[in-house]
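Reckoned from all heavy atoms, side chains included, excluding hydrogens, waters and symmetry mates. Chain naming here is simple, since letters A, B, ... match the order of the sequence lines and numbering starts at 1 in each.
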Amino acid sequence: MTVRVRFAPSPTGYPHIGNLRTVVFNWLFARHHNGKFILRIEDTDRSRYVKDALRVISDSLTWLGLDWDEGPGIGGAYGPYIQSERLDLYRQKAEELIAKGWAYRCNCTPERLEKVRAEQRAQGKSQIMYDRHCRNKPPDAISPDEPHVIRLKVPLEGKTVVHDLLRGDIEFDNALLDDQILLKSDGYPTYHLAVVVDDHMMGITHVMRGDDWISSTPKRVLLYQAFGWEPPIYAHVPLVLGPDGKKLSKRHGAVSIDEFRRQGYLPEALFNFLALLGWSPGDGDREIYSREELIAKFDIRRINLAAAVFSYDKLQWMNGAYIRALSEQELLKRLIPFWQNAGLIPTPVPTEMISTLETLVPLVQERLKTLRDVVELTDFVFQDIETPTAESLIPKKTSARQALRILQRVHALLAGMVHFNEETLETELRQLAADMGVKAGAVFNIIRVATTNKRVAPPLFGSLVALGRTTTLQRLARAEEVLSAYLAQESAPDEEA
RNA sequence: GCCCCCAUCGUCUAGUCUGGUCUAGGACACAGGCCUUUCAAGCCUGGUACAUGGGUUCGAAUCCCGUUGGGGGCACCA
């Protein structure tokens, strides 16, 4: 039997990192078994429809490398894969259930239903559910032509068992199940009907979903019984939680895939991280696995049953590890859009700028947690800096006068240097420090602040090369002025006295 | 409130099915140190966990029951 699994998002918003983790599991499961991964769009809620959601969903999946074998855009033998294009099928199936005595028409108004619920709540009832007002009306009491819904006729007694691949059998009391609406008054199916019909018609073999769906699964099982179909194998996977221990949602900050992309996470890092959130190959003490390894090792039975908190810290670390593993050429390619989006370099990149960028890449590679970090780390190269303050230019245990002397000597040295490259800079500047009897680190610190106005910056010599001699000398001169002015002000009172 | 799921370091997890090799292993984060031009990266060291009570057993993180705790679900939403 060929494994067929699906991801069935509804286009009511943008793909969410918690859901995506479940998609990763489905995709890995399909690829591990050489099965099919199907994308189906569940757009049966017209009121919550978001126009470009479908595009964002496909883009996100594609970005993460989660390719699908059947679905919108590429078709397949079981299409269409968009539920709004299958409405006749659902209506037909709903009528079929009425004919079989498994469903009934109901014309209760939303107002009446709300009133019933309110009363039940007021009475402190433990079960808030439809009072089955229309269930026993004669078959012709409600005309197919008047506004109404179709409800599932849930057995009043007995139990329904959900077989879960990971948790075993889960029993539900039928008396506690609501007469679920299958077809809405606008003619659209609800999730419960559509998912069962489509999963069956599309030959879905395994349904892997978040465990927040467990409690509605018995209704689906009942539907399979009503239709006389064999249900798929269910595997409910744990939810992804935010740092506060609640189901991950927009409230927790960055959760849409697009945000992760814009923040500079690598898709391969996010994929690796997601795969290991709630699942582990259980071999060795590794964290970094290639896509191929994950496919080869994926075992659905090793999915952890407890919910997992999404750790941004660990993702950052993993992203940094992936960045460090990139070739310089590849990293450069991925960094360019981030420089461009920050407005630091033009699009397209002028050819004469390439060598500057190439100088920068090895300087920042092991310092980046995300690609976007490169902006703050290297902006001083592309745009003018704020003039550093005198205080920031004077290292601890150094006088202003001495700092100025150092700057002047450095300035003269760099101006006259034959080869303005990293090696020469380091050699000559160390020599200068030795000649002046000061610590090399102190000299470097002054230059760093003077040229970058940062206390923390990429390695100095490479940074200066990237900056270029002209700009470097200009910024040194500016810093000298700052210190001169500072000294003049400081010494003025002394000289009076 | 009712129903359901879950329970190993702060977090992600290995170990649980097939009890002994677990004085519980790894990773992230954290602390200290080394390296060092800042910051990183790298290396070394450290602390912190089997929720709890009862069984079963020669022996339980591992099996059973209760309790507690956490989460989820109870729509003409998916």
Would you indicate what A:S47 reaches in the nucleic acid, counting non-hydrogen atoms under 4.0 angstrom: base, sugar-phosphate, or nothing?
-> nothing

Contact class for A:P189 vs. all strands (heavy atom < 4.0 Å): base, sugar-phosphate, or nothing?
-> sugar-phosphate

Does the side chain of A:D373 reach to within under 4.5 Å of the side chain of A:R367, using non-hydrogen atoms?
-> no

Tell me what A:L277 touches on the nucleic acid: a base, only sugar-phosphate, or nothing, going by heavy atoms under 4.0 Å.
-> sugar-phosphate

C1'-based separation of B:G25 from B:U8 [nearest Å] | 11 Å

Between B:C28 and B:A41 - C1' atom distance, rounded Å = 16 Å

So what does A:G124 hit on the nucleic acid, given a heavy-atom distance under 4.0 Å: a base, only sugar-phosphate, or nothing?
-> nothing

Using the C1' atom on both, measure B:A78 against B:A31 and round to a whole Å.
-> 46 Å

Hey, is the side chain of A:R455 pairing donor to acceptor with the base of B:U38 inside 3.5 Å?
-> no

Would you mind classifying the nucleic acid contact of A:S10 as base, sugar-phosphate or nothing, using non-hydrogen atoms under 4.0 angstrom?
-> sugar-phosphate

Quick one: is A:K454 getting a side-chain N or O under 4.0 Å of the B:U37 phosphate, OP1 or OP2?
-> no

Determine the contact category for A:E42: base if any of its heavy atoms lies under 4.0 Å from a base atom, sugar-phosphate if only primed atoms, P, OP1 or OP2 are that close, otherwise nothing.
-> sugar-phosphate

Is the base of B:C76 touched by the side chain of A:S185 through a donor-acceptor pair closer than 3.5 angstrom?
-> yes

Rounded distance in Å between the C1' positions of B:G15 and B:C34 | 34 Å

Determine the interplanar angle of the A:F298 and A:F25 rings, folded into 0 to 90°, and report it as parallel if under 30°, tilted if 30 to 60°, perpendicular if over 60°.
-> tilted

Do the numbers put A:R40 on top of the ring of A:F7, so that NZ or CZ is under 6.0 Å from the six-membered ring centre and no more than 45° off the axis?
-> no

Under 3.5 Å donor-acceptor, A:R6 side chain and A:A8 backbone = no

Determine: side-chain N/O of A:R121 to OP1/OP2 of B:G1, distance under 4.0 Å, yes or no.
-> no

A:E114 and A:R121: salt bridge (Lys or Arg N to Asp or Glu O under 4.0 Å), yes or no, with the steps?
-> CA-CA 10 Å; A:E114 187 43 53; A:R121 272 191 290 268; 3.0 Å; yes

Separation of the C1' atoms in B:G26 and B:G20, to the nearest angstrom | 23 Å

For A:R302, report the nucleic acid contact type (base, sugar-phosphate, nothing); a contact means any heavy atom under 4.0 Å.
-> sugar-phosphate

Could you check whether A:R324 gets within reach of a base, just the sugar-phosphate, or nothing at all, counting any heavy atom under 4.0 Å?
-> sugar-phosphate

For the residue pair A:N174 and A:E157, confirm or rule out a side-chain donor-acceptor distance under 3.5 Å.
-> no

When all nucleic acid strands are considered with a 4.0 Å heavy-atom cut-off, which category describes A:K125: base, sugar-phosphate, or nothing?
-> nothing

Between A:Y191 and A:W213, what is the ring plane arrangement, given parallel below 30°, perpendicular above 60°, and tilted in between?
-> tilted

Within the structure, does a side-chain N or O atom of A:S311 lie under 4.0 Å from either OP1 or OP2 of B:A29?
-> no

Spacing of the C1' atoms in B:U16 and B:C50 (rounded, Å) = 11 Å

Looking across every strand, which nucleic acid part, if any, lies under 4.0 Å from A:L315 by heavy atom: base, sugar-phosphate, or nothing?
-> nothing

Classify the nucleic acid contact of A:P238 as base, sugar-phosphate or nothing, counting any heavy atom under 4.0 Å across all strands shown.
-> nothing

Expressed as a whole number of Å, how far does the P atom of B:G10 sit from that of B:G55?
-> 28 Å

A:L305 atom CG is separated from B:C4 atom C1', nearest whole Å, by 14 Å

How would you label the contact of A:K247 with the nucleic acid (heavy atoms, under 4.0 Å): base, sugar-phosphate, or nothing?
-> sugar-phosphate

P spacing across the pair B:G46 / B:G71, given as an integer number of angstrom | 36 Å

With a non-hydrogen cut-off below 4.0 angstrom, is A:D173 in contact with a base, only sugar-phosphate, or nothing?
-> nothing

Describe the nucleic acid contact of A:G278 in one word from base, sugar-phosphate, nothing, applying a heavy-atom distance below 4.0 Å.
-> sugar-phosphate

